[in-house]
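Single-structure report; data block below.
For clarity, every value in this text was computed on a predicted model and none was experimentally measured. Remember, it's 1-based here, ligands and their atoms both numbered in the order they're listed. We number each residue from 1, following the sequence as shown. What's counted below: heavy atoms across the whole structure, side chains too, no hydrogens, waters or symmetry copies.
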Amino acid sequence: MLKLKFLRFLTSSSSTNQKSLPFDQKPDEPEINVKDFGDGFKWGVATAAYQIEGGWNSDGKGESIWDRFTSNPGHVKDRTNGQEATDFYNRYEDDLRLLKTLNLDNFRFSFSWSRLLPEGIGKVNEKGVDFYNKMIDTCLELGIDPWAMLYHWDLPQKLEDKGGWCNRDIVDWFSDYTELCTRRFGDRIQHWMVLNEPASFTTLGYLSGMHAPQKAGLSKFLASVHHACLCQAEGGRIVRNNVKDSHVGTSFSCAHTEPQKNTLWHRKASDRLDVMLNRLFIEPSLGMGYPYNELPFIRKIDRFILPDDPDKMKFDFDFIGLQNYFRVTSKPSLLPFVWANRVKPAPTSEVTEMGWEVSPEGIYDIIRQFAKYNIKEIIVSENGAAFKDHLVDGRVHDLQRISYFKRYLHHILRAKAEGINVTGYFAWTYVDNFEWDEGIRPRFGLVYNDFKTQQRIVKDSGLWFQELLKRE
Ligand code: GAL
């Protein structure tokens, strides 16, 4: 299979020999004061069904593309899978109780489509509905606000067998699924998000083939992009229609791009990556169409566009979720279509376990870039870092992660201080989980997980949030 290397920068390979910040060294670490964010600011954690639930075939759940992908251990770097993950399916009560003690009152989760509709369409799995009912009710009893994500990458395998995101019928499949979720759970959930990072799941799943469902090629990619844009807007309309007083958004992966050198070629390369990383999904939803000019190959998407589609792709979301981890320095390259690539962080840069450069000012730049679209409300719906955690005497002193959060939050505050309406922050993530094709090695949690016993241990970063957000 054609395994295009490009867009590797979205997950980027782990880097081992770069400098990690020693725990006792904290340069430029700002103090964070919760009052500066304002009273109504939402603080929470983000999670995703496949990464935490486990119970992959419990109680009638159908197979998803991630169940299929990970059934071949060779697809995952550490040969693990999400069959058990963090066993949230059975441990949700304890987890939500623990989360509440951290004073993080907003819980973003995703519905597993194949738990609710094992075939993707048709017969509803009532036991799956029961699970989400109980989980949502537990949130509400504890005073945690649930934020529902409709699609976080785990398409039912039965739908992939029919072409998945490349088949235009997905607009109907997704609409029916959204109808189901909003009608069954919309009485208790106000905050909804439609798609998690469409740029990631279309490029990694349908262009480079590095993620499930391992499809690759330009035509598959462009079809998946167009159908995702249609679902994005249609999902928004269905939520607004079915949920009283809904607050509906969608989420985008994003990374501030800058040229490695100030030459015309470098600047153009940076613009091309900017289209792929930041512009491809938001601009059609704002009625601006696809950004063809900087990236002419996108014009080939025209053959999937029907006359009414430009209108159908439009939707005025109440908020946009921005998910940012790193910035991208770019240079021209021979990678097909985009002819640009990411420059590896300098050996002196601070990087995470994912090889991602820690670049707090990048979140300020990217928030400013999106604010130019006149978005009503911006929520940082994911941000966080995997670092090597050491469990010593029942504690995890993850000071580097605390430092990361402080620095990123400081730059979010800078954007807010300039008048940009940033209204919330969701840390990625609550507990160490199954990190897609990387497996369970990268630990992103505020809570440490012992994957053998499923014992949870709050890391110092979790305690830091607890202290930051404590009520007086
Ligand atoms: C995001 C994704 C999450 C999580 C995170 C950390 O792109 O939405 O599911 O994996 O990255 O890598």
Side-chain angles (χ1 to χ4, degrees), residues 7-15 44-53 64-66 69-70 76-78 80-82 85-86 88 107-113 147-155 193-205 208 210-212 228 232 249-255 276-278 280-281 320-328 342 351-359 362-363 366 379-387 389 401 404-405 408 425-446 449 461:
L7 296 168
R8 186 79 180 108
F9 49 76
L10 277 175
T11 49
S12 142
S13 58
S14 322
S15 157
V45 288
T47 65
Y50 187 73
Q51 294 180 274
I52 59 168
E53 281 182 6
S64 81
I65 55 174
W66 275 92
F69 177 84
T70 58
V76 180
K77 287 200 184 126
D78 63 4
T80 55
N81 59 50
T86 70
F88 183 73
F107 179 64
R108 181 187 141 194
F109 69 96
S110 73
F111 292 113
S112 157
W113 188 338
W147 292 61
M149 167 61 77
L150 284 161
Y151 185 75
H152 201 127
W153 302 2
D154 49 350
L155 189 73
M193 297 168 82
V194 181
L195 298 182
N196 181 71
E197 300 193 352
S200 303
F201 78 75
T202 54
T203 52
L204 296 168
S208 71
M210 286 164 44
H211 273 192
Q232 183 175 268
T250 196
S251 85
F252 299 119
S253 46
C254 58
M276 290 297 278
L277 291 171
N278 303 317
L280 197 52
F281 289 88
I320 291 298
L322 296 186
Q323 320 208 138
N324 175 257
Y325 292 86
F326 49 81
R327 68 171 169 184
V328 167
R342 169 187 182 178
V351 292
T352 71
E353 276 286 285
M354 301 289 282
W356 296 344
E357 186 184 5
V358 177
S359 40
I363 203 165
I366 198 68
I379 291 178
V380 176
S381 46
E382 278 186 28
N383 170 245
F387 291 117
D389 287 326
R401 187 174 287 107
Y404 176 102
F405 282 128
Y408 275 73
Y425 179 85
F426 287 73
W428 184 269
T429 183
Y430 164 64
V431 65
D432 298 335
N433 62 26
F434 180 78
E435 174 59 28
W436 309 113
D437 61 333
E438 295 278 337
I440 58 173
R441 183 192 57 85
R443 292 180 174 271
F444 274 92
L446 303 180
N449 192 38
S461 57

Taking ring-ring contact (aromatic ring centres under 6.0 Å, His included) as the definition, give me every residue that meets it alongside Tyr325, ordered by chain and number, with sequence neighbours left out.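 Partners of Tyr325 by the ring-ring contact (aromatic ring centres under 6.0 Å, His included) criterion, ordered by chain and then number, come out as Trp356.
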
According to side chain to side chain contact (heavy atoms under 4.5 Å, CB included), who are the partners of Asn81, at least two apart in sequence or on a separate chain?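 For Asn81, the residues satisfying side chain to side chain contact (heavy atoms under 4.5 Å, CB included) (neighbours in sequence not counted) are Tyr50, Thr70, Gln83.
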
Compare all side-chain heavy atoms of Ile65 with those of Asp154 and state whether any distance is below 4.5 angstrom.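 No; the side chains remain at least 4.5 Å from each other.
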
At less than 3.5 Å, what protein N or O atoms come close to the N or O atoms of ligand 1? Include the distances to 0.1 Å.
from: ligand 1; atom 1: 7 (O); to: Glu197; atom 2: OE1; distance (Å): 2.6
from: ligand 1; atom 1: 7 (O); to: Glu197; atom 2: OE2; distance (Å): 3.0
from: ligand 1; atom 1: 8 (O); to: His152; atom 2: NE2; distance (Å): 3.3
from: ligand 1; atom 1: 8 (O); to: Asn196; atom 2: ND2; distance (Å): 2.9
from: ligand 1; atom 1: 8 (O); to: Glu382; atom 2: OE1; distance (Å): 3.2
from: ligand 1; atom 1: 8 (O); to: Glu382; atom 2: OE2; distance (Å): 3.0
from: ligand 1; atom 1: 9 (O); to: Gln51; atom 2: OE1; distance (Å): 2.7
from: ligand 1; atom 1: 9 (O); to: His152; atom 2: NE2; distance (Å): 2.8
from: ligand 1; atom 1: 9 (O); to: Trp436; atom 2: NE1; distance (Å): 3.0
from: ligand 1; atom 1: 10 (O); to: Gln51; atom 2: NE2; distance (Å): 3.4
from: ligand 1; atom 1: 10 (O); to: Glu435; atom 2: OE1; distance (Å): 2.9
from: ligand 1; atom 1: 10 (O); to: Glu435; atom 2: OE2; distance (Å): 3.2
from: ligand 1; atom 1: 10 (O); to: Trp436; atom 2: NE1; distance (Å): 2.9
from: ligand 1; atom 1: 12 (O); to: Glu435; atom 2: OE1; distance (Å): 3.4
from: ligand 1; atom 1: 12 (O); to: Glu435; atom 2: OE2; distance (Å): 2.6

Partner residues of Thr429 under the side chain to side chain donor-acceptor pair (under 3.5 Å) criterion, sequence neighbours left out: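 Scan of Thr429 (side chain to side chain donor-acceptor pair (under 3.5 Å), adjacent residues dropped) gives none.
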
Aromatic plane relationship, Phe111 with Phe109 - under 30° parallel, 30 to 60° tilted, over 60° perpendicular: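 Aromatic pair Phe109/Phe111 classed perpendicular.
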
Looking at Arg441 and Glu435, is there a salt bridge between them, counting it only when a charged N and a carboxylate O are closer than 4.0 Å?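 No, Glu435 and Arg441 are not salt-bridged.
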
